[in-house]
Amino acid sequence: MKDTKLGYSRRDMLARAGGGFGMLAFASMLEAAKNPFAPKVPMQVGGKAKSIIWIFTNGGPSQVDTWDYKPELAKRDGQTLEGFDPKTGFFPGSVGGLMKSPFGFKQYGASGTWCSDLFPKTAMHVDKMCFIHSCWTGSNNHSPALFMMNTGTTRMGYPCVGSWVNYGLGSESDSLPSFVVMSDPMNRGLPKGSAANWGAGFLPSVYQGTWLKPTGAPIDNLAVPASLTPQRQRAQLDLMARLNRQSLAGSAIESELNARIESFELAYRMQTAAPEAFALKDEPEHIQKLYGVHEKHCGHFAKQCLTARRMVERGVRFIQIYSGGMENQQSWDGHKDILGNHSGFAAESDQPVAALISDLEQRGLLDQTLIIWGGEFGRLPIAQKGAQPGRDHNPHAFTVWMCGGGVKGGYHHGESDEIGFKAAIDKVSVHDLHATILAAAGLDHERLTFKFQGLDQRLTGVENPKVVKQVFA
């Protein structure tokens, strides 16, 4: 209906009224579509983490041999666990009796935190670390459990935590990927499920993780051909962008075209920024020594941790480092010889992880960087029988620790039972853990949604997960 005095309809009136607030919001949406990496304001007050580094202990480390001390397990060594369902693990035909840890434990720090002798260097930081001992998940198989821990569902094709964080916050770097992934550099393979663990799923593809190749050039095709001058390259990019934008109007694949345009521009800027970010040789010798860059047993992982710190300094939002490769003894998957398996992977990662904490702290970056350590599930307190016994998968209990990013140092949340078999007190599901990680970054897991298949999808599902508020300082 038109107002005869004003000469335009009520709908026109609403569109023009209020100083054009509706158009301002629309302009903001257009800007986000134009640059999906544009930094966004956190959703809620209190989130201190501007960057997240996830040390993903691939394969499932044993909680009772690392950070969850169980003296009762030693007392009951060799006893049968009454009522145990042999199908809890993956090898029901190899179930043995309860098995004490082959590692010694002692207390560290003012918090008196019990730590395995696997981590003598990381243990020096327990008063900065926050432990969740009551985590549990819904799968006892690696691939679905990896997908669950990374994406909140046991099926592939869903966005991972890193993609959600970048979708929610954007990037603070205009010349490096906002989300990078580093896998095992020792020729032991990718985690099971491979790139689906860092995929963007139904989110725009621009938010997927950038996998850094473990050997050779970390990112392919960054070197500029000698025949291509900067002027010619800039002209090519401008032409491609102009042609792509001409195709945007009314296009059903608008977001994908925008992502492609931005990927070309990011790749152009990365030609200079990425080589500089990866130049570990530029680090002072005392820093390289701190991480153990030149040590045979841990140098490969030290380089990854040092690269992570350099990326945090340069505004990269989310970094995931996989400790271990694919198959059983090639990762923390200690079905056989839990002593040898965990000793090896702990030796590879202990010094570099401890150095990462120290280095971020001395640079004033620890308070704004959340470090996460944990795998896809835990391991059973019983033995998996063999010449050198190991431990089978345990979805019912595992430990995750966090450091920096506003969490409470020297704090222990939740408990497993007296032998470390099941989460018993203040249980924390994977969705609860995800909600807590998002909260650390200033994101509300209930409001961080994306319309897909007619639903407002979110990382944390619909099972009413809770942020573990007690872990924050």
Side-chain angles (χ1 to χ4, degrees), residues 25-26 28-29 32-33 36-52 54 130 132 134-139 145 147-172 178-179 197-204 206-209 255 317-318 320 368 370 372 374 400 402 404-408 411 413-414 423 426-473:
F26 183 59
S28 175
M29 292 168 65
F37 292 130
K40 303 180 181 75
V41 177
M43 293 176 171
Q44 57 190 21
V45 176
K48 294 184 178 181
K50 294 182 178 180
S51 296
I52 296 172
W54 192 328
C130 173
I132 303 178
S134 52
C135 295
W136 65 276
T137 187
S139 177
F147 293 146
M148 185 69 192
M149 184 55 75
N150 278 309
T151 72
T153 178
T154 54
R155 304 184 303 279
M156 67 172 59
Y158 284 78
C160 66
V161 181
S163 295
W164 279 110
V165 168
N166 281 286
Y167 166 66
L169 291 178
S171 177
E172 291 195 334
S178 189
F179 171 22
N197 287 293
W198 50 87
F202 48 72
L203 292 178
V206 71
Y207 296 115
Q208 70 186 11
S255 65
R317 185 73 72 183
F318 199 98
Q320 198 170 41
Q368 63 187 49
L370 179 69
I372 306 166
V400 168
M402 298 183 286
V407 301
K408 191 185 301 180
Y411 175 70
H413 182 83
D426 294 330
K427 297 172 67 173
V428 175
S429 71
V430 173
H431 286 153
D432 296 333
L433 181 64
H434 286 165
T436 306
I437 292 169
L438 293 179
L443 295 168
D444 184 338
H445 74 100
E446 294 183 334
R447 294 166 56 200
L448 184 66
T449 63
F450 188 87
K451 183 74 75 174
F452 177 67
Q453 295 181 339
L455 299 173
D456 288 330
Q457 306 278 357
R458 68 188 198 191
L459 170 65
T460 54
V462 295
E463 298 171 358
N464 196 30
K466 302 293 184 184
V467 174
V468 186
K469 295 180 180 179
Q470 299 93 322
V471 304
F472 296 112

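Just so you know, residue 1 is the first one in the sequence shown, and it goes up from there.
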_Set of salt bridge (Lys or Arg N to Asp or Glu O under 4.0 Å) partners for D426, sequence neighbours left out_ =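 Expected list: none.
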*Return the set of residues passing salt bridge (Lys or Arg N to Asp or Glu O under 4.0 Å) with K469 (not counting sequence neighbours), or none when no residue passes.*
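Result, salt bridge (Lys or Arg N to Asp or Glu O under 4.0 Å) vs K469: none returned.
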Heavy-atom distance under 4.5 Å between the side chains of [X] and [Y], does that happen here?
X    : Y    : result
S51  : F318 : no
P159 : F450 : no
F147 : T154 : no
L448 : L459 : no
T436 : F472 : yes
R317 : S171 : no
L443 : W164 : no

Atom pair [atom1]/[atom2] of [X] and [Y] - distance to nearest 0.5 Å:
X    : Y    : atom1 : atom2 : value
S139 : M149 : OG    : CE    : 11.0 Å
Q470 : H413 : CD    : NE2   : 5.0 Å
F202 : K451 : CZ    : NZ    : 12.0 Å
M156 : N197 : CE    : CG    : 9.0 Å
L438 : E446 : CG    : CD    : 11.5 Å
N166 : Y207 : CG    : OH    : 8.0 Å

Looking at every non-hydrogen atom in both residues, tell me the closest pair between [X] and [Y] and how far apart they are.
X    : Y    : answer
S134 : G414 : OG-CA, 3.4 Å
C135 : A423 : O-CB, 4.2 Å
G374 : V400 : CA-CG2, 4.3 Å
V428 : L433 : CG1-N, 3.9 Å

Determine yes or no for a side-chain-to-main-chain donor-acceptor pair under 3.5 angstrom, with [X] supplying the side chain and [Y] the backbone.
X    : Y    : answer
S163 : G199 : yes
Y167 : T449 : yes
K466 : A435 : no

*Ignoring hydrogens and angles, state whether a donor on the side chain of Q320 or N150 is under 3.5 Å from an acceptor on the partner side chain.*
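Their side chains do contain a donor-acceptor pair, which is all the 3.5 Å distance test asks for.
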_Could you check whether atom CE of M43 has more than 12 heavy atoms from other residues, nucleotides or ligands sitting under 6.0 Å from it?_
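Yes, enclosed.
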*Has K48 got more than 12 heavy atoms of other residues, nucleotides or ligands less than 6.0 Å from its NZ?*
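Count not over threshold, so no.
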*Among all residues two or more places apart in sequence or in another chain, which pass the side-chain contact (heavy atoms from CB on, under 4.5 Å) test with P465?*
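For P465 the side-chain contact (heavy atoms from CB on, under 4.5 Å) partners, ignoring immediate neighbours, are H431, D432, H445, R458, T460.
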